[in-house]
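Structure first, then comments.
Remember, it's 1-based here, ligands and their atoms both numbered in the order they're listed.
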Amino acid sequence: MSEIAVCCDDLKKHYQMGEVTVRALRGATFEVPEGALVVLLGPSGSGKTTLMNLIGGLDTPTGGRVTVADYEVSTLREPQLTEYRRDTVGFVFQFFNLVPTLTARENVALVGELAGNADEAAELLERVGLGERLDYYPAELSGGEQQRVAIARSLIKRPYLLLGDEPTGNLDYETGHIVLELIREVCDETDLTVLMVTHNEAIGRMADMVIYLRDGQVVDIEENEEPVPPSELKW
Ligand code: ADP
Ligand code: MG
């Protein structure tokens, strides 16, 4: 039996907008097995980003619990929360969020410094196929290349969990496939656990498990015995 990497138990998040309470998450319960690639699928507004923020320790829930590895994330306060984010989670977002005045290598090394392995920046960039682009600035790179820098940046910390929020949402068709292949590869070759959210149903087919989110609730969970290689996905 595999261990559980992420456990969400009756997770709730409400936003107060004046008189109106927005129930972004209405009691989400699910588990992510260690080492798996799990896709959380839901339409726009279903609570995906809210959920990622709670799991990543960027926001605190209104109710319920989130556990990641040995951290009970939902009860952590600063400075433990910062330590958790720094040591345990890697983030990849729809927009790449690179520092424009730093080269690819410097962007990755900056985060590597926190973990004491900044010297691995070049090696990781080679790993994501950017060995020839180490000294390029973000503006000199295509969207897909920038996203690969962002993936290298998230991996240099050697995170336990990689969280992706629509990581291909801002990429063209072909480039999106390259980034998904890279994510699948890293998941297969290391013990990294990946949780990726998307509204694109086709992407679910590459996952070991798909969790369907609707209106702030988990409506279905499917295990995928034979995940499809990302190169074969069509949308
Ligand atoms: P998704 O990522 O699936 O598109 P979100 O998690 O961003 O969904 O949003 C879920 C719901 O919560 C939406 O109705 C959204 O408008 C609302 N919401 C998200 N963030 C906030 C916020 N900071 N304040 C108020 N409402 C929010
Ligand atoms: Mg979102």
Under the 3.5 angstrom rule, does the side chain of Arg148 hit a backbone N or O of Val128 as a donor-acceptor pair? yes
Would atom 10 (C) of ligand 1 count as contacted, meaning some protein heavy atom under 4.0 Å? yes
Atom 12 (O) of ligand 1: nearest protein contact (heavy atom, Å): Ala24 CB, 3.3 Å
Between Lys48 (side chain) and Met196 (backbone), is there a donor-acceptor pair under 3.5 Å? no
Would Gln16 and Thr21 count as having a side-chain donor-acceptor pair, cut-off 3.5 Å? yes
Protein heavy atom at shortest distance from atom 23 (N) of ligand 1: Tyr15 CE2, 3.6 Å
Show which atoms of ligand 1 fall inside a sub-4.0 Å distance from at least one heavy-atom site of Pro43. 3 (O)
The closest protein heavy-atom partner of atom 13 (C) of ligand 1 is Gly45 O, 4.0 Å
Does Glu222 use its side chain to pair, donor to acceptor, with the backbone of Val210 at less than 3.5 Å? no
How far is atom 7 (O) of ligand 1 from its nearest protein heavy atom, and which residue and atom is that? Thr49 CB, 3.7 Å
Tell me which protein heavy atom sits closest to atom 6 (O) of ligand 1, plus the residue, atom name and distance to 0.1 Å. Thr50 OG1, 2.6 Å
His199 and ligand 1 - part of the residue with a heavy-atom distance under 4.0 Å: neither
In the protein, which heavy atom is nearest to atom 8 (O) of ligand 1, and how far is it? Gly47 N, 3.2 Å
Any donor-acceptor pair under 3.5 Å linking the side chain of Asn224 with the backbone of Ala207? yes
Keeping the roles fixed (side chain from Thr82, backbone from Glu78), state whether a donor-acceptor pair exists under 3.5 Å. no
Taking atom 15 (C) of ligand 1 as the reference point, the nearest protein heavy atom with its distance: Val22 CG1, 4.7 Å
